[in-house]
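Written below as structure tokens is the structure these notes are about.
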There are 2 protein chains.
Amino acid sequence: MEDPQHPARATVASLARRAGVAASTVSRALRDDPRISPQVRARIAALAAEAGYTPNALARTLVSGRSGLIGLVLGPIENPFYTELMQQAVVQAAARGYRLLLLHVGSGPIDDATAAALLQYRVDGCLITSAELSSRAASVCAANGVPVVMINRVAREHASAVSCDNLAAGETLADLLLAAGHRRMAVIAGNPGTSTNIERADGFIRRVTAAGLPAPAVLPGGGDHAAGYAAGQAVAALPRAERPDALFGVSDILAMGAMDALREAGLSVPGDISVVGADGIAAAGRPPYRLTSYAQPLEAMVSRGLDLLLARIGGARMPDERVLLRGQLIRRASARLPLEAALT
Amino acid sequence: MEDPQHPARATVASLARRAGVAASTVSRALRDDPRISPQVRARIAALAAEAGYTPNALARTLVSGRSGLIGLVLGPIENPFYTELMQQAVVQAAARGYRLLLLHVGSGPIDDATAAALLQYRVDGCLITSAELSSRAASVCAANGVPVVMINRVAREHASAVSCDNLAAGETLADLLLAAGHRRMAVIAGNPGTSTNIERADGFIRRVTAAGLPAPAVLPGGGDHAAGYAAGQAVAALPRAERPDALFGVSDILAMGAMDALREAGLSVPGDISVVGADGIAAAGRPPYRLTSYAQPLEAMVSRGLDLLLARIGGARMPDERVLLRGQLIRRASARLPLEAALT
DNA sequence: TTGAAAGCGTTACCAC
DNA sequence: GTGGTAACGCTTTCAA
């Protein structure tokens with residue numbers, strides 16, 4: 001088991017021995033404790049650098065009670081929104097001195113061993129993004145006093161949540177389509193039971209009916225491109241008179257799938273039918289789609305989420321909090337423009 | 001700082017006290033050491049369950065020297081290949097009892113603090129996928145005896161590597177296009193200096209020239225959709241006589257970008273020009289693209305990568321190894337079909 | 001079959 | 001300013 005090529009890693013004790021000082025002195029010197037004399041500190045720093053010393057974060061955790069680790073529970077990567085979220089989380093957590101323990105990626109519930117790992121590695125907090133309402137990770141954390149922040153998802157209990165104002169998303173998109181003169185709307189729903197998707201659809205429907213139009217048809221959808229594609233095919237198969245003139249996919253990936261199906265069926269987007277989505281993923285802005293979308297303020301969501309998490313980790317006792325961030329409408333070419341320029 | 005709602009977590013010591021036995025007995029009982037009597041073991045197990053005991057993996061690491069953590073250094077998410085890889089890595093590592101410490105996501109070099117974290121958290125090994133040749137993570141690991149396996153990337157030194165046979169990828173695609181009667185080929189290059197992309201292009205070019213055709217033009221590309229799009233625009237702008245009749249994007253995302261640009265310019269794919277890619281990402285198979293691609297055997301790559309990593313972690317002293325896995329040609333609609341059915 | 005004690009690497013507390 | 005010691009939670013000798 002011994003590796004002759006790599007001498008035992010330097011430790012506080014080994015440095016102390018070589019420097020002829022006590023371990024506690026080394027520990028203090030390395031962390032720039034003000035009461036260590038400059039000379040000693042310099043000498044120890046030099047020694048440490050020479051020996052390639054790296055503090056053992058795990059040992060430090062043992063005594064400090066802080067691991068510097070944040071658990072990340074991620075949704076299905078079929079929706080690029082989650083990977084963009086992951087990217088933000090990694091970068092922003094690192095900037096704050098935290099590392100991410102990636103525990104789960106996918107749509108299913110998390111398994112026992114994974115939930116256990118959350119506790120075994122003593123994560124200081126947990127970021128949960130999975131759209132599944134039945135996230136076991138959340139209850140495990142709650143039961144063990146591990147702070148949790150949900151991102152893009154409502155907390156049933158025992159957790160704070162940061163999300164986009166999904167109701168506003170639906171409303172804003174409905175307003176846009178209404179202003180453009182659309183009269184027959186339809187919605188492609190997300191996975192059943194996911195709060196985000198339900199709210200978006202609700203906001204949309206509410207606004208359309210408030211305008212005195214018939215309630216939009218709600219087509220079964222899901223969480224990936226294929227689901228949107230299927231919905232798009234269903235729409236394209238409708239007799240012309242029954243076909244909606246505008247389609248709202250509650251997530252961009254759904255809307256993109258729908259666009260692909262519509263176009264394949266020979267329909268023009270936005271010529272024959274306008275399509276809009278929500279999330280603001282990068283792929284939706286690209287040439288074949290140029291999807292009009294209500295973008296989530298991803299960077300801010302992660303930032304606020306970490307704020308909440310770190311405050312709790314820092315010991316602040318605060319009630320669970322729900323932060324709603326306003327997103328931004330991005331008008332692109334997938335939807336007909338409003339007749340008048342005036343739009344709130 | 002004390003949290004009254006959550007009593008101090010149970011420890012081996014606290015269980016020992018409550019059970020009236022020694023800590024060592026508890027430790028052994030919980031890990032099913034055969035020499036603990038069934039009664040005692042049962043009693044301790046019951047107590048542990050009741051107290052919601054979770055072993056502290058960090059403390060265990062301190063004595064065992066194994067953290068059960070694998071560092072994951074990921075490439076830019078603009079290319080979905082890396083997120084698909086991440087998904088595989090998480091799932092497969094979990095199945096083997098390991099957790100992933102997500103250290104870096106992006107194309108840039110990894111910063112000092114991140115590289116340090118790799119050592120501080122005592123990862124047992126490291127999986128590196130970043131396409132950047134100048135991966136500092138690798139040298140940091142090498143210098144500290146941390147086993148490293150590169151996936152989809154060649155190791156310069158001090159690491160094993162698992163990759164797809166990229167040369168074969170280029171060759172296979174060239175063969176396909178040649179068989180389909182294409183005569184003027186072009187390649188959209190990847191990021192300069194990335195072995196994967198270079199090999200694919202080399203294999204392609206070699207085969208085309210071997211067939212007695214002029215060497216394919218090599219267009220500057222990059223690592224994302226935008227780069228492919230730009231290349232596609234450049235191709236579309238060419239006078240008809242100079243325009244290639246087949247285009248190889250060294251990664252799917254590039255090829256997709258090119259397709260988008262070509263079609264926007266009014267060209268038909270594959271009517272006017274065939275497009276092929278490599279990687280086999282999910283998005284490339286979807287309706288607007290249906291991209292003919294040489295797919296990397298992602299699952300197997302991750303699996304073999306973990307094999308190599310865990311063998312080394314287990315103490316095996318083996319020379320650095322390079323594993324080349326054969327990929328699979330997926331024929332779809334983005335490229336004209338071969339004239340004759342016969343194709344190796 | 002079980003217990004006691006040492007030790008993993010670090011920090012914190014209390015002396016000096 | 002610096003040193004000693006205890007403690008974090010666990011596993012692993014070594015004894016009994």
Side-chain angles (χ1 to χ4, degrees), chain A residues 1-2 7-45 47-48 51-69 116 119-124 144, chain B residues 1-2 7-45 47-48 51-69 116 119-124 144:
Chain A
M1 291 292 168
E2 287 292 303
R9 288 218 252 255
T11 68
V12 166
S14 75
L15 290 177
R17 234 175 294 122
R18 292 189 45 190
V21 298
S24 42
T25 302
V26 171
S27 173
R28 287 189 275 248
L30 290 176
R31 281 171 314 134
D32 287 330
D33 188 306
R35 33 184 203 174
I36 296 294
S37 73
Q39 304 93 314
V40 173
R41 182 200 317 244
R43 194 154 50 92
I44 294 179
L47 232 44
Y53 171 75
T54 319
N56 185 328
L58 278 34
R60 184 178 284 169
T61 298
L62 209 51
V63 40
S64 73
R66 297 273 175 77
S67 65
L69 253 26
L119 301 176
Q120 292 175 303
Y121 285 94
R122 296 298 190 263
V123 297
D124 291 335
N144 288 78
Chain B
M1 292 294 171
E2 286 293 304
R9 286 217 254 257
T11 68
V12 165
S14 74
L15 291 178
R17 234 174 293 122
R18 292 189 44 190
V21 299
S24 44
T25 302
V26 171
S27 172
R28 288 189 273 248
L30 291 175
R31 281 171 315 135
D32 288 329
D33 188 305
R35 31 182 206 178
I36 296 295
S37 72
Q39 304 93 314
V40 174
R41 181 200 317 239
R43 193 155 51 92
I44 294 179
L47 232 45
Y53 170 76
T54 320
N56 184 327
L58 278 33
R60 185 177 281 169
T61 298
L62 210 51
V63 39
S64 74
R66 295 275 174 76
S67 64
L69 253 26
L119 300 176
Q120 292 176 304
Y121 285 93
R122 297 296 190 263
V123 298
D124 291 336
N144 289 77

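Quantities reported herein were computed from a predicted structural model and do not represent experimental measurements. Below, chain A is the first sequence line, B the second, and so on; all start at residue 1.
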Check whether any side-chain N or O of A:Ser64 sits under 4.0 Å from OP1 or OP2 of C:dT11, and answer yes or no. no

Return no unless some side-chain N or O of A:Tyr121 is found under 4.0 Å from OP1 or OP2 of D:dG9. no

Phosphate contact (D:dG1 OP1 or OP2) by A:Ser37 side-chain N/O below 4.0 Å: no

Does D:dT11 have OP1 or OP2 under 4.0 Å away from a side-chain N or O of B:Arg31? yes

Residue whose nearest DNA chain C nucleotide is more 5′ - B:Ala59 or B:Val21: B:Val21

Within this structure, what is the CG-OG1 distance for the pair B:Asn56 and B:Thr11, rounded to the nearest 0.5 Å? 9.5 Å

Once hydrogens and angles are ignored, does a donor-acceptor distance under 3.5 Å link the base of D:dG3 to the side chain of A:Arg28? yes

Just the rounded figure in Å: distance from C1' of D:dG1 to CD1 of A:Ile44. 11 Å

Expressed in angstrom and rounded to an integer, what is the separation of A:Leu30 atom CG from C:dA12 atom C1'? 16 Å

Side-chain heavy-atom pair A:Thr61, A:Leu69 within 4.5 angstrom cut-off: no

Value in whole Å for how far the C1' atom of D:dC8 lies from CZ of A:Arg66: 15 Å

Quickly work out the B:Asn56 CG to D:dT11 P distance and round it to whole Å. 10 Å

Could you state the atom-to-atom distance from CZ of B:Arg122 to P of C:dG9 in whole Å? 8 Å

Distance check needed: D:dG9 P versus A:Leu58 CG, whole Å only. 14 Å

Within the modelled atom types, does a donor on one side and an acceptor on the other bring the side chain of B:Ser24 and the base of C:dA4 under 3.5 Å apart? yes

Have a look at B:Thr11 and say if it touches a base, only the backbone sugar-phosphate, or nothing, with a 4.0 Å heavy-atom cut-off. sugar-phosphate

Taking OH from A:Tyr53 and C1' from C:dT11, how many angstroms apart are they, rounded to a whole number? 10 Å

Do the side-chain N or O atoms of B:Arg35 get closer than 4.0 angstrom to the phosphate oxygens (OP1, OP2) of C:dT1? no

Assess whether a salt bridge exists between B:Arg31 and B:Asp33, defined as any Lys/Arg side-chain N lying under 4.0 Å from an Asp/Glu carboxylate O. no

Without decimals, in angstroms, what is the distance between A:Arg60 CZ and D:dG9 P? 18 Å

Is there a donor-acceptor contact under 3.5 Å from the side chain of A:Tyr121 to the main chain of B:Ser67? yes

Heavy atoms from C-beta onward define the side chain here; which of C:dT10, C:dA4, D:dT12 lies closest to that of A:Val63? C:dT10

Let me spell it out: for each of A:Leu62 and A:Thr25, pick the nucleotide of DNA chain D with the closest heavy atom. Which residue's pick is nearer the 5' end? A:Thr25

Do B:Tyr53 and B:Val12 come close enough that some side-chain heavy atom pair is under 4.5 Å? yes

